[in-house]
Amino acid sequence: MKQRRIIVWFRNDLRLQDNETLSKAIQMGEEVVPVYCFDPRHFEKTELGFPKTGNFRGKFLLESVQDLRNNLQNLGGDLVILRGKPEEELVTFAERIQAGAIYFSQEVTAEECYVDKSLEKNAWAKGIATESFWQTTLYHIDDLPFPINQTPEVFTQFRKSVEKLSSIRETYPQPEKISFPEKEIIPQAGVMPDLQTYGLEEPESEPRAVMVFEGGERAGLRQIHSYIWEKDLLKTYKETRNGLIGEDYSSKFSAWLALGCISPRTIYEEVKRYERERKKNQSTYWLVFELIWRDYFRFITKKHGNKVFHIGGIKNLKDSWRRDNAVFQRWCEGQTGVPFVDANMLELKNSGFMSNRGRQNVASFLVNDLGIDWTWGASYFESVLIDYDVCSNWGNWMYVGGVGNDPRENRYFNILRQGKNYDRNGDYVRLWIPELAALKGFDIHQPWDLSTIELQKAGIRIEGTYPQPLVDLQSAY
Ligand SMILES: Cc1cc2nc3c(=O)[nH]c(=O)nc-3n(C[C@H](O)[C@H](O)[C@H](O)COP(=O)(O)OP(=O)(O)OC[C@H]3O[C@@H](n4cnc5c(N)ncnc54)[C@H](O)[C@@H]3O)c2cc1C
């Protein structure tokens, strides 16, 4: 039986296209009321004192919510903006407008699940139904060829299993029409907050950033179109994906995926269409392969719950980490004295983004070379990354920290060798550490090996212009 009025609570699914929650509400409700609730807990400080949402992601989030609002307005409706705890605000609002049900997307981590449970409890106490839907992943949870508590621990087993025994559902089309309530029911749809509301500053524009990330579904769909079709980059993805500089070496879909401005199934369908219409090769497969990594971390988090945040990780390993705040701060600030690490950390700090190659290296350096608590690194990334995704971030950090499911024992990255392989001429380091720019070729990766005269010629004074390295690194060979 149809409900008279259904609230759609948008969370990390800020889109109209391929949105099951919205599509089901349109199907089941005579009227649909889209709502976004800004939860102040998302803007609190972490235990280490970082804002949970830093200014890059804060800006991207506001743009994404605004874009959703514009898209709903174009369909003749609006997005209601609430502020406060969703488990309370949504129920009060539902009572006020006499909505019979609240629909929303499921999340997998503790804080979000607590909100879901509380919302359900509060809503049911007032006679308001709730229904939640699985979104976010390429493979639907109900289509997995194993129960979630038997998700294979090793990625390759997971991937082979889903590829062989499961299939990817079709996307939901973008709704052409939504029946919104009359204006009298919701005379004021609420005002959008701004960055200042949450004590965040407008990020400064950074010409060296890989690209300008603009939040929202329309910008996300434009990025898919640009990367796959206009620039025709998909066919070389596998060869370029380990790059460090510029917009084109990888897809840059992650920020839009993290807030659900685009869905992985939409990307998948575009990849399949590209394979039919232009080219099918290892690169076209590899983008899907990476999206399966993303799925894997989400399902592993669903399986293991809070363990992914624990110091011992999934493996329950003993805590033998170092907690030296001064050293950790030097890592955060890009002042370790190891140019390849510092360049990446400066990119992150100044632009909110870092390549996958960079993330692997700086994470390995923090945990393996400096021995610092891996959860500190994950917590800093959570604050600063524009594309922060709770499962991908903590899952990858667990891997690097050696407390995840990686069957390979040693996840040590030899920073100098990595620099040699991925930044042989030092262009990336030169871009982010101009103090070292006069050093030629690979010399820029190991200034400590140069004589005082050579350094002087390049205008560099160790401990003056650039710090002494925090550790002696293994040689590049
Ligand atoms: C320590 C560490 C922390 C990370 N934190 C995050 C995070 O918070 N959010 C996030 O989206 N990714 C995270 N990643 C994964 C990866 O670095 C980014 O997804 C990628 O760099 C984003 O750029 P892209 O969209 O151009 O990626 P592409 O290379 O174009 O890949 C396409 C998509 O595949 C997915 N993907 C690719 N690699 C991975 C991976 N290793 N794990 C999970 N998904 C992947 C992403 O959704 C990505 O957008 C982290 C990796 C490491 C090593």
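All ligand and atom numbering here is 1-based and tracks the order in the structure.
Of all heavy-atom pairs spanning G377 and L366, the tightest one is CA-CD2, 3.7 Å. The heavy-atom pair separating I311 from D373 by the smallest distance is CD1-OD1, 3.0 Å. In this structure, Q17 and T266 approach most closely via the heavy-atom pair NE2-CG2, 3.6 Å. Nearest approach of R298 to T136, heavy atoms of both residues: NE-CG2, 3.4 Å.
Taking distance alone, with nitrogen or oxygen atoms compared against 3.5 Å, S254 approaches ligand 1 more closely than that limit. Between L385 and ligand 1, a contact under 3.5 Å exists for no N or O pair. Polar contact with ligand 1: absent for Q360 (N/O pair, distance under 3.5 Å). Residue contacts with ligand 1: W293 is placed with no nitrogen or oxygen under 3.5 Å of a nitrogen or oxygen of the ligand (distance criterion only).
Considering each of R294, K238, R241, the one bringing a non-hydrogen atom nearest atom 46 (C) of ligand 1 is R294. Here the shortest heavy-atom distance to atom 10 (C) of ligand 1, taken over D387, N393, V390, belongs to D387. Distances from atom 16 (C) of ligand 1 to the heavy atoms of D389, L257, N356 show the closest one on N356.
Of all protein heavy atoms, the one closest to atom 24 (P) of ligand 1 is K252 N, 3.5 Å. Of all protein heavy atoms, the one closest to atom 30 (O) of ligand 1 is S251 OG, 2.6 Å. Counting protein heavy atoms only, atom 13 (C) of ligand 1 is closest to R359 NH1, 3.3 Å. Taking atom 43 (C) of ligand 1 as the reference point, the nearest protein heavy-atom neighbour is S392 OG, 3.6 Å. Distance from atom 31 (O) of ligand 1 to its nearest protein heavy atom, with residue and atom name: Y237 OH, 3.3 Å. Protein heavy atom at the shortest distance from atom 50 (C) of ligand 1 is N396 ND2, 3.5 Å. The closest protein non-hydrogen atom to atom 1 (C) of ligand 1 is W397 NE1, 3.4 Å. The protein heavy-atom contact nearest to atom 38 (N) of ligand 1 is E290 OE1, 3.1 Å.
Counting heavy atoms closer than 4.0 Å to ligand 1, residue V400 contributes nothing at all. Neither the backbone nor the side chain of Y399 comes within contact range of ligand 1; no heavy atom lies under 4.0 Å. Residue contacts with ligand 1, taken as heavy atom pairs separated by less than 4.0 Å, involve F353 solely via side-chain atoms from C-beta onward.
Remark: the backbone N or O of D142 is paired with a side-chain donor or acceptor of H140 at under 3.5 angstrom. Side-chain atoms of R357 do not come within 3.5 Å of backbone N or O of L244 as any donor-acceptor pair. Remark: the backbone N or O of K85 is not paired with any side-chain donor or acceptor of D39 at under 3.5 angstrom.
With ligand atoms numbered from 1 in the order given, ligand 1 contributes 42 (N), 43 (C) to contacts under 4.0 Å with heavy atoms of F297. Taking every heavy atom of L287 and a limit of under 4.0 angstrom, the matching atoms of ligand 1 come to 32 (C). Every atom of ligand 1 is numbered from 1 in the order shown, and the set under 4.0 Å from a heavy atom of Y388 is 8 (O).
The shortest side-chain heavy-atom distance between L385 and R359 falls under the 4.5 Å cut-off. Contact of the F365 side chain with the L370 side chain is registered, since non-hydrogen atoms from C-beta on lie closer than 4.5 Å.
Using cut-offs of 30° and 60° on the angle between ring planes, the pair W331 and F328 is parallel. Using bins of under 30°, 30° to 60° and over 60° for the plane-to-plane angle, the ring pair F213/W256 lands in the tilted bin.
Between Y296 and F158, the distance separating the two ring centers is shorter than 6.0 angstrom.
Using modelled atom types and a 3.5 Å distance limit, the side chains of E201 and N55 yield no donor-acceptor pair.
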